[in-house]
Amino acid sequence: MRPTSFWLRAGLLGGVLMVAAATGCGGDDATTPVGGEGGADAAAGSAGNAGTGGQAGKGGSAGTAGTAGTAGKGGTAGAAGKGGTAGTGGAAGTAGVAGTGGQAGDGGTCDPPKSLCGTDCVDLQTDLAHCGDCATACASGLSCVAGQCICSGGLTNCGGTCVDLQTSLTNCGACSNACASTGACVAGKCDQCDGATPDNCNGICTALATDAVNCGTCGHACPASSTGCANGVCTCAAGQTFCTAQNACADLSTDMANCGTCGTTCPIGGACAGGQCSCPSGQTNCNGTCVDVTTSQTNCGTCGHACGTGATCQASLCVCNPGLVACATECADLSSDPKHCGACPTACAVGQNCVSGQCAPCGGGQVVCNNACTNTATDVDNCGQCGHQCGPNATCTSGQCTCAASLIYCGGTIGCVDTSSDTNNCGTCGHDCANGQICNSGQCVCAVPGETNCGGFVGCVNLASDPLHCGSCNGFNHVCGLGQVCTSGQCSCPPPDTSCGNACVDLQTEPQFCGTCNIHCALGDVCNAGVCQCPAGGTVCGQTCADTQHDPLRCGNCNTQCSATRFCDAGTCHCRPGFTLCGNTCVELQHNFTNCGACGTNCGNQGFQNPRCVDGACADTTCMAIGRTSCNGVCLTDAQLATDPMNCGQCGQVCASDELCVQGNCQQYFTAPGCNTCPCGACGVGTTCCSYPGQTFPVCVDGNTCP
């Protein structure tokens with residue numbers, strides 16, 4: 001669904017921080033370092049008495065001379081010295097240990113949030129000369145924001161210089177990625193590379209002969225075990241060989257997965273020595289596993305020869321267990337087996353038993369069940385009647401399935417259970433306890449103390465900390481918002497985030513709540529230090545910061561809109577991925593009746609009774625016959641309906657050019673200038689950064705699911 005309105009571009013509020021420079025006679029300035037009792041004035045106590053102690057504080061460097069305690073008291077009189085930036089004088093006051101001036105160290109403190117750097121009180125969060133700490137100065141063109149030297153206007157700090165990665169020849173798309181001097185950097189990609197890095201990998205210049213991340217071909221990264229890339233081939237340490245198919249360095253003399261040659265895998269339980277696979281002495285390689293064929297039940301004597309029921313493998317032969325005789329494929333008790341009664345080939349007739357090696361009719365009280373005699377009064381598989389099986393833990397008594405004392409019989413599937421403690425049959429058969437509950441004395445109770453049973457599929461939850469049931473089991477009012485946590489039954493945002501509606505956001509970076517909860521940046525804007533900005537490379541179109549390279553509503557310029565079957569790439573409308581231009585129309589060759597598999601292939605000309613285009617081929621069928629949905633003769637699977645922008649979720653539901661089909665719903669998206677990969681700063685609360693289907697550029701899609 002399209003949103004009912006777009007956010008308006010918010011007005012930006014600029015703040016100017018005025019920092020008054022403290023002078024000696026400016027002792028009333030409460031923001032300057034506080035001089036100690038006489039410490040700052042120790043150099044000239046008399047000056048302190050004169051009430052111009054602040055001025056005298058500037059000369060505090062001579063404080064070493066102020067050893068006299070009297071001079072220290074003179075500083076007390078000069079209360080105005082408190083404002084003197086002459087905290088340096090305070091430091092010199094340490095020489096006056098014997099005097100009150102010894103406390104002059106207090107002259108090195110500043111009122112929060114400022115810090116003392118030398119003799120100055122500065123805000124390390126914003127001061128260009130002292131950014132983050134006293135020793136760090138931002139280079140020309142950089143700003144100090146939150147204690148970090150950063151570039152403004154969507155620029156990037158590359159070695160102390162602010163550059164536009166979208167257009168910089170020497171820093172194209174990434175710092176130090178240099179394009180050829182005769183080439184160009186377009187949308188963060190080099191069209192030509194210089195001699196030092198001649199190979200172009202999707203706009204990033206490199207040398208395929210030596211780049212371990214793009215060795216030989218773009219995107220081929222050498223493994224961590226490799227020593228680098230030489231002549232386009234990953235190199236390995238001495239004694240190792242690079243196995244191309246496995247993309248691994250291996251010692252072919254000892255590597256179990258590459259023994260002697262790359263890809264030769266030794267059997268489980270074996271070893272690789274001298275480039276040869278081997279099994280331990282006395283064992284044989286049977287289908288990739290070392291086994292002892294003298295004792296293996298599944299490989300007795302030879303690989304694949306399994307011993308039958310009742311036999312064990314002894315000395316490579318299947319030997320019947322004591323009391324049993326080998327009969328073709330199984331071991332049998334000739335005294336009682338009706339299939340082998342008295343001798344292997346002798347089988348008793350239906351309804352007969354084998355008694356002492358002789359076939360005999362069923363004994364008294366027995367009946368024939370499944371070609372065998374049984375007593376239905378006691379047989380748990382035929383209790384009371386043939387085929388009636390008793391459940392687990394049950395016995396058959398007088399033709400009835402019964403349980404031991406304290407257990408209850410709950411039918412053939414469940415069997416005998418203790419309804420006082422069974423969570424699936426608590427109190428009565430079939431009564432399931434909810435998630436997180438246990439059965440105690442036939443009652444379902446929460447297993448964890450302090451939890452509450454919210455019933456249904458929810459089960460037991462801690463209402464004091466569960467963000468989906470914060471304070472109560474019921475109602476959407478008790479579901480915490482995006483990013484919120486539940487503490488003592490109340491939803492709140494973890495520091496330093498701020499609660500804006502039902503979402504926890506960082507007001508410094510969240511474009512939907514930039515600086516305050518009431519300022520919503522325009523589509524495509526980023527929020528930088530609480531200020532909405534249209535990044536470099538963006539075009540302001542009315543109230544939208546547009547990426548005219550990829551925006552289907554503003555493709556190439558503010559006034560060009562692509563149709564529903566097209567998307568915008570490099571500032572031009574093209575057929576959406578999966579669509580092909582046939583004449584002047586973009587069509588899906590997989591489903592188009594008159595352009596099936598290729599432009600001009602008309603399924604109606606094939607002579608079929610029920611012509612259809614199915615996955616790019618004409619077929620004589622109906623959609624129902626192949627289990628698909630018919631959309632005006634187009635046969636679509638459920639998976640295709642979930643992604644087809646022409647039939648999104650249902651037949652004829654066409655997504656607009658600025659929408660994608662996401663799990664059967666048309667979801668609006670927008671592109672952001674300067675975003676080359678996810679995550680993207682312009683994708684705020686309520687959107688998810690995704691790759692455009694079939695392309696590599698990122699888009700901000702409404703909701704929390706990518707197509």
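Here the structure is a predicted model, which is why all the values come from computation and not from measurement.
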Quick one: do the Gln668 and Asp658 side chains pair a donor with an acceptor below 3.5 Å? yes
Could you walk me through whether Thr539 and Cys558 pass the side-chain contact (heavy atoms from CB on, under 4.5 Å) test, one step at a time? CA-CA 8 Å; Thr539 302; Cys558 293; 3.9 Å; yes
Could you give the distance from [atom1] ([X]) to [atom2] ([Y]), rounded to the nearest 0.5 Å?
X      : Y      : atom1 : atom2 : result
Thr705 : Gln667 : OG1   : CD    : 8.0 Å
Ser115 : Asp120 : OG    : CG    : 12.0 Å
Asp551 : Thr560 : CG    : OG1   : 11.0 Å
Leu468 : Cys486 : CG    : SG    : 9.5 Å
Arg554 : Thr548 : CZ    : OG1   : 10.5 Å
Asn676 : Leu165 : CG    : CG    : 8.0 Å

Are [Y] and [X] within a span of less than 2.5 Å, counting SG to SG?
X      : Y      : value
Cys493 : Cys504 : yes
Cys446 : Cys460 : yes
Cys648 : Cys655 : no
Cys521 : Cys514 : no
Cys651 : Cys631 : yes
Cys689 : Cys675 : no
Cys117 : Cys134 : yes
Cys190 : Cys179 : yes
Cys480 : Cys470 : no
Cys243 : Cys249 : no
Cys473 : Cys454 : yes
Cys205 : Cys172 : no

Does [X] reach the main-chain N or O of [Y] with its side chain, forming a donor-acceptor pair under 3.5 Å?
X      : Y      : answer
Glu510 : Val685 : yes
Asn247 : Ala221 : yes
Thr206 : Asp199 : no
Thr687 : Val701 : no
Asp547 : Thr671 : no
Asn595 : Gly600 : yes
Thr544 : Ala546 : no
Asn177 : Asn171 : no
Thr688 : Cys706 : no
His220 : Cys215 : yes

With a 4.5 Å heavy-atom cut-off, do [X] and [Y] have their side chains touching?
X      : Y      : result
Cys500 : Leu507 : yes
Cys175 : Thr156 : yes
Arg576 : Leu660 : yes

His520 and Phe513 aromatic ring geometry - parallel, tilted or perpendicular at 30°/60° bounds: perpendicular
[X] and [Y]: which non-hydrogen atoms are nearest, and at how many Å?
X      : Y      : result
Thr487 : Ser492 : OG1-OG, 4.1 Å
Ser657 : Tyr669 : O-OH, 3.4 Å
Cys222 : Cys229 : SG-CB, 4.2 Å
Asn453 : Ala434 : OD1-CB, 3.9 Å
Cys527 : Gly515 : SG-N, 4.4 Å
Pro707 : Val662 : CB-CG2, 3.8 Å

What's the verdict on disulfide (SG to SG under 2.5 Å) for Cys562 and Cys568, showing C-alpha distance, side-chain angles and the deciding distance? CA-CA 7 Å; Cys562 301; Cys568 182; 5.0 Å; no
Can you confirm whether [X] is buried at [atom1], in the sense that more than 12 heavy atoms of other residues, nucleotides or ligands lie under 6.0 Å from that atom?
X      : atom1 : answer
Gln695 : CD    : yes
Asp133 : CG    : yes
Gln246 : CD    : yes

Would Cys683 and Cys678 count as a disulfide (SG to SG under 2.5 Å) if you check the C-alpha gap in whole Å, the side-chain angles of each, and the deciding distance to 0.1 Å? CA-CA 9 Å; Cys683 297; Cys678 290; over 6 Å; no
Determine, stepwise, if the pair Leu128 / Cys138 fulfils side-chain contact (heavy atoms from CB on, under 4.5 Å). CA-CA 5 Å; Leu128 284 173; Cys138 295; 4.0 Å; yes
Just do the side-chain contact (heavy atoms from CB on, under 4.5 Å) check on Ile626 and Arg612 with the steps written out, would you? CA-CA 11 Å; Ile626 57 176; Arg612 298 287 188 275; over 6 Å; no
Show your working on disulfide (SG to SG under 2.5 Å) between Cys131 and Cys144 and close with a plain yes or no. CA-CA 6 Å; Cys131 189; Cys144 182; 2.2 Å; yes
Under the criterion side-chain contact (heavy atoms from CB on, under 4.5 Å), I'd like the reasoning laid out for Phe579 against Met646: C-alpha separation, chi angles, the key distance, then a yes or no. CA-CA 11 Å; Phe579 288 69; Met646 298 297 103; 3.7 Å; yes
Which residue, Asp211, Thr217, Thr210, forms the side-chain hydrogen bond (donor to acceptor under 3.5 Å, both in side chains) with Asn214?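 So, applying the side-chain hydrogen bond (donor to acceptor under 3.5 Å, both in side chains) to Asn214 and each of Asp211, Thr217, Thr210, only Asp211 qualifies.
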Can you name the residues that form a ring pair (Phe, Tyr, Trp, His ring centres under 6.0 Å) with Phe593, not counting sequence neighbours?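 Residues passing ring pair (Phe, Tyr, Trp, His ring centres under 6.0 Å) with Phe593: none at all.
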If the condition is salt bridge (Lys or Arg N to Asp or Glu O under 4.0 Å), which residues does Asp615 pass it with, not counting sequence neighbours?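 Testing Asp615 for salt bridge (Lys or Arg N to Asp or Glu O under 4.0 Å), a comparison that skips the adjacent residues, returns Arg628.
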